Protein chains: 2
Amino acid sequence: MNEGVEWALHSCLNLAWIGEERAVTAARLAGYHELPPAYLNKQLQSLVRAGILSSVPGCQGGFRLARSLDRITLMDVVTAIEGPDEAFRCTEIRGQGPGATTGRPTAECAIADAMGRADLAWRRELAAQTLADVRARAERQAPGAPDRIRRWFADL
Amino acid sequence: MNEGVEWALHSCLNLAWIGEERAVTAARLAGYHELPPAYLNKQLQSLVRAGILSSVPGCQGGFRLARSLDRITLMDVVTAIEGPDEAFRCTEIRGQGPGATTGRPTAECAIADAMGRADLAWRRELAAQTLADVRARAERQAPGAPDRIRRWFADL
DNA sequence: ACATCCTGGATATTAATCATCCAGGTTACG
DNA sequence: CGTAACCTGGATGATTAATATCCAGGATGT
């Protein structure tokens with residue numbers, strides 16, 4: 001799985017902790033975790049295209065959350081970064097070689113179907129968790145983090 | 001996800017349909033779906049190491065199922081080919097940069113925890129399905145397949 | 001005007017996957 | 001015996017995806 005998913009999730013939480021007042025620069029978000037700024041910027045752009053973040057161009061511009069954390073699921077973020085494809089990709093090797101059934105279209109591969117069920121269970125669990133849930137758990141585990149983050153992003 | 005998972009699953013089903021009487025060569029299993037023989041062989045070796053297949057070396061050698069399909073889950077095969085790591089890998093970017101909490105060990109990252117839940121749901125679904133289930137569904141969708149496979153592997 | 005900063009495409013770099021090859025050991029068969 | 005078939009494991013190369021940077025263009029505050 002793309003490392004950008006982790007960056008995107010942390011950045012969304014950071015944006016929520018910083019607050020809505022102003023947009024935050026990609027370089028600044030990257031600086032907080034020492035991530036490559038240009039590359040994080042790409043991931044943030046994906047979040048914008050997915051409608052999770054909104055971006056402000058120009059001077060004093062940057063990124064902010066397009067909606068509140070309780071309306072963003074893990075599934076939203078994963079799909080935005082990773083794309084819609086499922087992990088298991090059926091290449092239909094049934095249809096290759098002497099085993100191929102000539103002519104008529106075959107029913108769906110039972111193996112792809114089975115793997116698809118597992119993928120569905122994964123997505124369901126991702127869709128069941130909002131970033132608000134994650135944030136709440138994070139604050140319970142590290143109560144000092146929100147303030148620390150707010151302070152760091154506050155000074156110039 | 002590794003393409004070898006698909007090959008391994010199809011090969012296990014084929015071995016079950018062929019029957020227990022004799023071992024089947026990697027080249028022969030590969031030939032049925034026009035897969036690269038040497039590379040499929042590698043995947044079969046992984047299945048042997050995982051105890052899913054057993055191999056007989058030497059002339060007239062090959063591979064056979066080490067146990068019946070109802071005792072092999074999708075999880076077994078996926079783990080054998082893909083390894084034990086989960087898809088989402090937490091790189092603990094919390095601990096990098098100015099956001100790092102100095103000193104004491106931090107509680108588990110709430111994001112990694114949340115992604116881990118989804119991974120668990122995925123694995124549970126994989127572990128809940130045996131290859132016998134998959135075989136049954138495949139035979140319902142394509143009743144002619146078992147015979148066709150048996151015949152192709154039967155002649156020299 | 002000018003500096004800042006997002007956008008999107010092009011491009012380079014690095015790692016993972018896909019695939020082949022070979023030497024070594026094992027077994028059937030003549 | 002000895003030879004051909006076949007698995008084993010490591011080394012190696014080719015291909016593709018992930019990672020990362022760069023730049024021209026447009027937008028915006030000062």
Side-chain angles (χ1 to χ4, degrees), chain A residues 1-8 11 15 21-31 33-66 78 80-83 85-89 91 93 96 153 156, chain B residues 1-8 11 15 21-31 33-66 78 80-83 85-89 91 93 96 153 156:
Chain A
M1 165 161 304
N2 198 319
E3 196 175 352
V5 172
E6 185 183 11
W7 302 357
S11 295
L15 282 172
E21 57 268 10
R22 71 176 189 285
V24 183
T25 261
R28 207 144 172 69
L29 282 167
H33 292 304
E34 285 177 354
L35 303 175
Y39 193 32
L40 175 65
N41 188 35
K42 282 256 180 289
Q43 320 288 358
L44 297 177
Q45 281 181 40
S46 297
L47 295 180
V48 171
R49 273 189 291 270
I52 295 168
L53 301 185
S54 66
S55 62
V56 185
C59 191
Q60 296 286 75
F63 298 90
R64 57 164 53 109
L65 290 169
V78 169
I81 304 294
E82 289 271 276
D85 295 349
E86 59 183 77
F88 179 84
R89 176 175 49 103
T91 60
I93 61 175
Q96 298 172 8
F153 280 98
L156 185 67
Chain B
M1 165 162 307
N2 198 318
E3 196 175 353
V5 172
E6 185 183 10
W7 302 357
S11 295
L15 282 171
E21 58 267 10
R22 69 177 192 283
V24 183
T25 263
R28 206 143 174 69
L29 282 168
H33 292 302
E34 285 177 354
L35 303 174
Y39 194 33
L40 176 65
N41 187 36
K42 283 256 179 288
Q43 320 287 359
L44 297 177
Q45 282 180 40
S46 297
L47 296 179
V48 170
R49 273 190 290 272
I52 295 169
L53 300 185
S54 67
S55 63
V56 305
C59 192
Q60 297 286 77
F63 297 88
R64 57 165 52 108
L65 289 168
V78 169
I81 303 293
E82 289 272 277
D85 295 349
E86 61 183 76
F88 180 84
R89 176 175 49 101
T91 60
I93 61 176
Q96 298 171 8
F153 280 98
L156 184 69

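Since the model is a prediction, treat every value here as computed from it, not as a measurement. Letters A, B, ... mirror the listed sequences (proteins, then strands); counts begin at 1.
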When the distance from CG of A:Leu44 to C1' of C:dT7 is rounded to whole Å, what number comes out? 13 Å
As an exercise, state the distance from CD of B:Glu6 to CZ of A:Arg89, rounded to the nearest 0.5 Å. 8.0 Å
Within this structure, what is the CD-to-P distance between B:Glu3 and D:dA17, rounded to whole angstrom? 11 Å
Separation of atom CD1 in A:Ile93 from atom P in C:dC18, rounded to whole Å: 13 Å
Separation of atom CD in A:Gln43 from atom P in C:dG8, rounded to whole Å: 14 Å
Under 4.0 Å between a side-chain N or O of B:Arg49 and OP1 or OP2 of D:dT8? no
Rounded off to whole Å, could you give me the CZ-to-C1' distance for the A:Arg22 and C:dC6 pair? 17 Å
To the nearest angstrom, the CD1-P distance between A:Ile81 and D:dT19 comes to 11 Å
What contact category does B:Gly62 fall into here, base, sugar-phosphate, or nothing, at under 4.0 angstrom with non-hydrogen atoms? sugar-phosphate
Separation of D:dA20 P from A:Gln45 CD (nearest whole Å): 16 Å
Is there a side-chain polar atom (N or O) of A:Thr25 under 4.0 Å from OP1 or OP2 of C:dT4? no
Which heavy-atom pair separates B:Pro57 from B:Ser55 by the least distance, and what is that distance? CD-O, 3.9 Å
Between A:Gln45 and A:Phe63, the two heavy atoms sitting closest are N-CE2, 4.5 Å
Which atom pair, heavy atoms only, marks the closest approach of B:Ala23 to B:Val56? CB-CG2, 3.7 Å
Scanning both residues in full, the closest heavy-atom pair of A:Ala80 with A:Ile52 reads CB-CD1, 4.0 Å
Side-chain heavy-atom pair B:Trp7, B:Leu44 within 4.5 angstrom cut-off: no
Say whether, by atom type as modelled, one donor and one acceptor occur between the side chain of B:Gln43 and the main chain of B:Ile81 under 3.5 angstrom. no
Could you tell me whether the phosphate oxygens of C:dT7, OP1 or OP2, come under 4.0 Å of any side-chain nitrogen or oxygen in A:Ser55? yes
Contact residues, residues 34-42 of chain A to DNA chain C [heavy atom, < 4.0 Å]: A:Asn41, A:Lys42
What does the B/S/- profile of nucleotides 23-30 of chain D look like, 5' to 3', with a 4.0 Å heavy-atom cutoff to protein? ----BBS-
Heavy-atom nearest pair, B:Gln96 first then B:Thr91, reads NE2-O, 4.1 Å
What is the distance, to the nearest angstrom, from the CD atom on A:Glu82 to the P atom on D:dA17? 14 Å
Out of curiosity, A:Ser11 OG to A:Leu40 CG, how far, rounded to the nearest 0.5 Å? 4.5 Å
Remember a base hit wins even if backbone is also touched, and classify B:Ala26 as base, sugar-phosphate or nothing at under 4.0 Å, heavy atoms. sugar-phosphate
